[in-house]
Amino acid sequence: MRPLAPADATGLERGGSPVTDAGTLDRGARPEAKDDEKRQAAGVEDQQGVNIYYRMGVPLPDLPPEPEYKGPIDEAYGAFQRGFFLTAVDKALPRAQLGDPAAQTLLAELMNRGLGIKTDPKGAAFWYGQAAAGGYAPAMFKYALLLMEGKLVPRDKAKADEYMHKAADAGNASAQFNWAQTLVSDNPGTKGLSMALPYYEKAAEQGIADAQYAVAQIYQALTELPEDKRKRARYWLDRAARAGFDTAQLDIGIWLVNGVGGDRNYEQGFRWLKIAANRGNVIAQNRIAHLYVNALGTPPDPVEAAKWYVLSRRAGLKDPGLEDFYLGLTEEEQKKAIDAANKFRRI
């Protein structure tokens, strides 16, 4: 997502040295780096809860029965979900030709991905456009992206914004997040953040991790918000971190160490920073080195501290304080740290 850093919104920029006192970390600027990791949900506490049931020898309670579905059955989508793509095409095409926007969207998806039919991005764009014109929210979102990109259809920002806005108002979570991004981009400063916040909130409620992160940052930044919202900033940051968003994992770690949005908790802060560091977040690698040096949330470990510093330094993040610490180690400790850094693999 775009950095939420308007000049007149407090709390989004955190400059200065990484450790401003014995128990405070700073997020700092993030160096350029590819983030090609798949975002995965952490789920640690929930899984532990399940294990506790088994350890106690008590079986898990039965799931509540699902209510009987009595609505209309979409045979085309049913075939698609079961992997019967040829059948899905056969059943969707006649309905699409008759103007059914759901069938048009399904046909577009099949054509775009080459499932049961020859890959045809331009044909898919046509059907997305037809379904968007019919007011179908998923298609309006897809077609808005095509209009913004301008490759398969002529670029048209005004039309793209119209469809994205309509899809967002119709409840499409991805459209809500993207429309919020557009509002922030087109309206710099706190005005844009205030306009975008309701859409970020709706997308966050539907589980969009980027939106959850944005809500946390805005709740912390906009001082004129009600106090009950500002108190939930850490909640939303935690949600984004648990969804596997590495920048959120970095920030929640720093917030916990610094006591931002709630009480300090060095142990939990260390845990989140270690997760982000292990996933390759360069700033988290640097900050975890400081925690090892200062014994915050973890016992002191000069070799581990040096290992994480070496990794962040290799990625281009300079830190004079850690450099002095590293040079003060023995040759053997430096060698162990370099060996450990060489063996590091992102997880």
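The structure presented is a predicted model; accordingly, all values stated were derived computationally and were not measured. When reading the values below, keep in mind they use all heavy atoms of this one structure, side chains included, and skip hydrogens, waters and symmetry mates. Positions are given from 1 along the sequence.
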Basic-acidic side-chain contact under 4.0 Å: Arg113, Glu109: yes
Side chains of Arg313 and Tyr326 in contact at under 4.5 Å (non-hydrogen atoms): yes
Ion pair Asp238/Arg242, N-O distance below 4.0 Å: yes
Pair Tyr235 and Tyr219, ring centroids less than 6.0 Å apart: no
Worked check of side chain to side chain contact (heavy atoms under 4.5 Å, CB included) between His165 and Tyr199: CA-CA 10 Å; His165 192 178; Tyr199 290 98; 3.2 Å; yes
Check ion pair Glu205-Lys202 (N to O, under 4.0 angstrom): no
Short N-O contact, Arg95 and Asp74, less than 4.0 angstrom: yes
Ion pair Lys157/Asp161, N-O distance below 4.0 Å: yes
Neighbour count above 12 (heavy atom, 6.0 Å) for Glu224 CD: yes
Cation-pi check, Arg271 onto Tyr266 ring (under 6.0 Å, within 45° of axis): no
Neighbour count above 12 (heavy atom, 6.0 Å) for Glu227 CD: yes
Neighbour count above 12 (heavy atom, 6.0 Å) for Asn342 CG: yes
Carboxylate-amine/guanidinium contact Lys159 Glu162, below 4.0 Å: yes
Salt-bridge contact Lys229-Glu201 (side-chain N to carboxylate O under 4.0 Å): yes
Lys274 NZ/CZ over Phe270 ring centroid, <6.0 Å and within 45° of normal: no
Heavy-atom pair with the smallest gap, counting every atom of Gly280 and Gln285: CA-NE2, 3.7 Å
Same apolar cluster: Val310 and Leu329, side chain cutoff 4.5 Å: yes
Ion pair check, Asp339 and Lys335, cut-off under 4.0 Å: yes
